[in-house]
S.K.: 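Structure provided below as structure tokens; questions to follow.
We use all heavy atoms of the structure for the numbers below, so side chains are in, but hydrogens, waters and symmetry mates are not. Naming: A, B, ... by sequence-line order, numbering from 1 per chain.
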Amino acid sequence: MEVLISEIAEQVGRSVTLKGWVHNKRQSSKKLLFLQLRDGSGTIQGVVALNEIGEAGFDAAAAATLECSCEVDGLVRADNRAPSGFELTVTGFRLVGPSPDDYPLQPRGKGEEAHGADFLLNHRHLWLRTPRQRAIMRLRDRTVFHLRGFFDSRGFTLIDSPILTANACEGTSTLFEVDYFGRPAYLSQSGQLYVEPACQALRKVYCFGPSFRAEKSFTRKHLTEFWMLEPEVAFQTQDGNLELQEAMLKYVVEKVLDNDAGLIADIHDKRGLDFAADEESAEEVLARLERARDEAFVRLTYDEALEVLKKNGEPLEWGDDFGAPHESALVRDFDVPVFVERWPAQAKAFYMEPDPADERYVLCDDLIATAGYGELIGGSIRIHDIELLKRRIDEHKLDLADFQWYLDVRRYGSVPHGGFGLGLERLVQWLGGVRHIREVIPFPRTIKRLDP
RNA sequence: UCCUCGGUAGCUCAAUGGUAGAGCAAUCGGCUGUUAACCGAUUGGUUGCUGGUUCGAGUCCGGCCCGAGGAGCCA
């Protein structure tokens, strides 16, 4: 019977067939060898003994090379010598697809010595086969699943925003331009302009899709193509917006801790091919997530954050935006994520609602993650007064003609509304303790890398 | 765009201006319980490109190319 390795515990004592790949081979003699088999659901060790499989079968298994694909028959045994607790006594081996002896990735390495970042990224199509990358891809999938579960449970509707857009609303410098039947179009850098009208139709909505930034940044936390989830809620308040952000993250963290903690252990297995040498341990990641699940997030106003920065030796002028050094200085004192809300209007985007308590500020927030993973979320209440919005568009030297339909949202039954943008990759980094953003997306796009 | 560091075997890295090396991978041999197996042997090089200094350059100097990480900007 054909089974998956993930189901092998139910098959003890039975003869089964596995279809997969040879991850590694250790030959002990002309009579005994070990195959590390993986099938996408897990890995198991196959024990190939001459007296169990016969000469022809042994020779076939002995000819297996790294990453060749195969069908393997065998008897499932519980065995405490195996890391997973189960082994397969191999009784048949059939090659499906050979793998020449120039397979570029080594099945193991002495920590980060085996391969470097550039080499691994050039072989991303093969790198994905390794256990660490499998665990990261699974964690990404589970994160999206849990996010969708959260918004579903709160009555949100998924609204897909377009990727091709006509307007360069916040300036063209960070946008990718494409030729759209002879006129310029741009790859979307945010779905916000589209979920704003949608929330007036469906009350609570979110979009989730790729975002594109042509910024020439080259760091561990930037991609030119990344996935962003952007909720937008009609009749939203500043406190309601923060509550939604915190509840969303606590929900995802709790689900990951309950269901997917094993993936975090796999990600931090020291045997993994990995160029992020100085990462947290799995225990540190789990402890950090437990705190984020159990303790209230820190909430600071911009002015309070300035005081913390002054105390930590990174003073800023009122009105200045935070740089990366300020972010780390700010979260140094806290071991849960930190909201910084109510920023000076001059540091933020044109569409943000003024704080009624003091109009020098706007109703907005950034959420800064623990452990150096940076900004996970940026959110705000949007201006719903059409005259104020026109004034702001003008002040920011933007073209009113580009915003006619956006202004319609304020013209007909305008309501206070707001939302935020969550960077999926940064969330997966933070959840998994993955130091480099290029590992948490299957095929990363950066300024220097379009292939594979 | 700016700053810093780097480019030597398939990979990860060594090599006072003086004969280009190791570990891993691969190949061959050995071993009936290996867990990143181990032991022995073999193969493997236009030292990123280019011009210069020098008796002699992987090493020093100029230019270029490529990569990494940080700044800025952001998610």
S.K.: So, does A:Ser28 get its side chain near the phosphate of B:rU34, meaning an N or O under 4.0 Å from OP1 or OP2?
M.R.: no

S.K.: Between A:Leu376 and A:Thr89, who's closer to the 5' end of RNA chain B by nearest nucleotide?
M.R.: A:Thr89

S.K.: A:Gln36 near the nucleic acid: base, sugar-phosphate alone, or nothing, with a heavy-atom cut-off under 4.0 Å?
M.R.: nothing

S.K.: Look at the side chain of A:Gln27 and decide which nucleotide, out of B:rG72, B:rG69, B:rC31, has an atom nearest to it.
M.R.: B:rC31

S.K.: Which nucleotide sits closest to the side chain of A:Arg26: B:rU32, B:rU34, B:rC31?
M.R.: B:rU34

S.K.: Which value, in whole Å, describes the distance between the C1' atoms of nucleotides B:rU8 and B:rU47?
M.R.: 4 Å

S.K.: Quote, to the nearest angstrom, the P distance that separates B:rA9 from B:rA22.
M.R.: 14 Å

S.K.: Which nucleotide sits closest to the side chain of A:Pro325: B:rG72, B:rG70, B:rA75?
M.R.: B:rG72

S.K.: Between A:Phe150 and A:Tyr206, is the ring centre distance below 6.0 Å?
M.R.: no

S.K.: Calculate the interatomic distance between A:Leu424 atom CG and B:rC74 atom P; express it in whole Å.
M.R.: 21 Å

S.K.: How is A:Ala324 classified with respect to the nucleic acid when contacts are heavy atoms under 4.0 Å: base, sugar-phosphate, or nothing?
M.R.: sugar-phosphate

S.K.: Whole-Å distance between B:rC31 P and A:Lys31 NZ?
M.R.: 8 Å

S.K.: For a quick check of understanding: with a heavy-atom distance under 4.0 Å over all strands, which category does A:Leu33 fall into, base, sugar-phosphate or nothing?
M.R.: nothing

S.K.: Return the value, rounded to whole Å, for the distance between atom CD of A:Glu375 and atom P of B:rG72.
M.R.: 12 Å

S.K.: Hey, does the side chain of A:Asn312 reach the backbone of A:Ala329 with a donor-acceptor pair shorter than 3.5 angstrom?
M.R.: yes

S.K.: Here's a test of your reading of the structure: between A:Met228 and A:Gly323, which maps to the more 5' nucleotide of RNA chain B?
M.R.: A:Gly323

S.K.: Going by purine N1 to pyrimidine N3 plus the second Watson-Crick contact, or the G-U wobble pair, all under 3.5 Å, which nucleotide sits opposite B:rC38?
M.R.: B:rG30

S.K.: Given A:Arg342, which partner from the list A:Asp365, A:Thr301, A:Asp355 fulfils the side-chain hydrogen bond (donor to acceptor under 3.5 Å, both in side chains) test?
M.R.: A:Asp355

S.K.: Determine which nucleotide pairs with B:rG56, using a 3.5 Å limit on both distances of a Watson-Crick or G-U wobble pair.
M.R.: none

S.K.: Looking at A:Arg426 and B:rC74, is any side-chain donor or acceptor paired with a base atom of the opposite kind under 3.5 Å?
M.R.: yes

S.K.: Which nucleotide in the set B:rG72, B:rU32, B:rG33 lies at the smallest distance from any side-chain heavy atom of A:Glu215?
M.R.: B:rG72

S.K.: Measure CG/A:Asp101 against P/B:rC24 and give the value in whole Å, please.
M.R.: 18 Å

S.K.: Taking the same atom, P, in B:rU50 and in B:rU59, what whole-Å distance lies between them?
M.R.: 13 Å

S.K.: Which value, in whole Å, describes the distance between the C1' atoms of nucleotides B:rC49 and B:rG67?
M.R.: 15 Å

S.K.: Could you work out which one of B:rA68, B:rG33, B:rC74 sits closest to the side chain of A:Glu87?
M.R.: B:rG33

S.K.: Between the base of B:rC74 and the side chain of A:His222, is one N or O donor paired with an acceptor at under 3.5 angstrom?
M.R.: yes

S.K.: Looking across every strand, which nucleic acid part, if any, lies under 4.0 Å from A:Glu327 by heavy atom: base, sugar-phosphate, or nothing?
M.R.: base

S.K.: Do A:Phe34 and the base of B:rG33 stack face to face, with centres under 5.5 Å apart and an angle between planes under 30°?
M.R.: no

S.K.: Who is the Watson-Crick or G-U wobble partner of B:rA20, with both distances under 3.5 Å?
M.R.: none

S.K.: Please check the phosphate of B:rG69 (OP1 and OP2 only) for any side-chain N or O of A:His436 closer than 4.0 Å.
M.R.: yes

S.K.: Does the B:rU34 base have a donor-acceptor partner in the side chain of A:Gln45 within less than 3.5 Å?
M.R.: yes

S.K.: Please check if the side chain of A:Asn241 supplies one atom and the backbone of A:Gly419 the other of a donor-acceptor pair under 3.5 Å.
M.R.: yes

S.K.: Specify the separation, in whole Å, of atom CG of A:Leu105 and atom C1' of B:rA26.
M.R.: 14 Å

S.K.: Find the distance A:Lys221:NZ to B:rG69:C1' and express it as a whole number of Å.
M.R.: 12 Å

S.K.: Ignoring the backbone of A:Arg220, work out which of B:rG70, B:rC11, B:rG33 is nearest its side chain.
M.R.: B:rG70

S.K.: Mind checking the C1' distance from B:rG62 to B:rA68? Whole angstroms is fine.
M.R.: 24 Å

S.K.: Please tell me which of the listed nucleotides, B:rC31, B:rU1, B:rG33, lies nearest to the side chain of A:Lys216?
M.R.: B:rU1

S.K.: Would A:Glu230 and A:Arg382 pass as an ion pair if we require N to O under 4.0 Å?
M.R.: no

S.K.: In whole Å, what separates the C1' atom of B:rG45 from that of B:rG33?
M.R.: 40 Å

S.K.: Is A:Lys30 near enough to B:rG30 that one of its side-chain N or O atoms lies under 4.0 angstrom from OP1 or OP2?
M.R.: yes

S.K.: Do the ring centers of A:Tyr251 and A:Phe151 come within less than 6.0 Å of each other?
M.R.: no

S.K.: A:Gln106 side chain: which of B:rC73, B:rG67, B:rC24 is closest?
M.R.: B:rC24

S.K.: Among B:rU32, B:rG70, B:rU12, which nucleotide sits nearest the side chain of A:Phe119?
M.R.: B:rU12

S.K.: Do the ring planes of A:Phe176 and A:Phe212 sit parallel (below 30°), tilted (30 to 60°) or perpendicular (above 60°)?
M.R.: perpendicular

S.K.: Any side-chain heavy atom of A:Glu67 sitting closer than 4.5 Å to one from A:Trp21?
M.R.: yes

S.K.: Nearest whole Å is fine: how far is B:rA75 C1' from A:Gln245 CD?
M.R.: 12 Å

S.K.: Return the nucleotide paired to B:rA9: Watson-Crick means purine N1 to pyrimidine N3 with N6-O4 or O6-N4, wobble means G-U with N1-O2 and O6-N3, both under 3.5 Å.
M.R.: none

S.K.: Between A:Leu66 (CG) and B:rC24 (P), how many Å, whole number?
M.R.: 15 Å

S.K.: Counting Watson-Crick and G-U wobble pairs only, both distances under 3.5 Å, name the nucleotide matched with B:rA71, or none.
M.R.: B:rU1

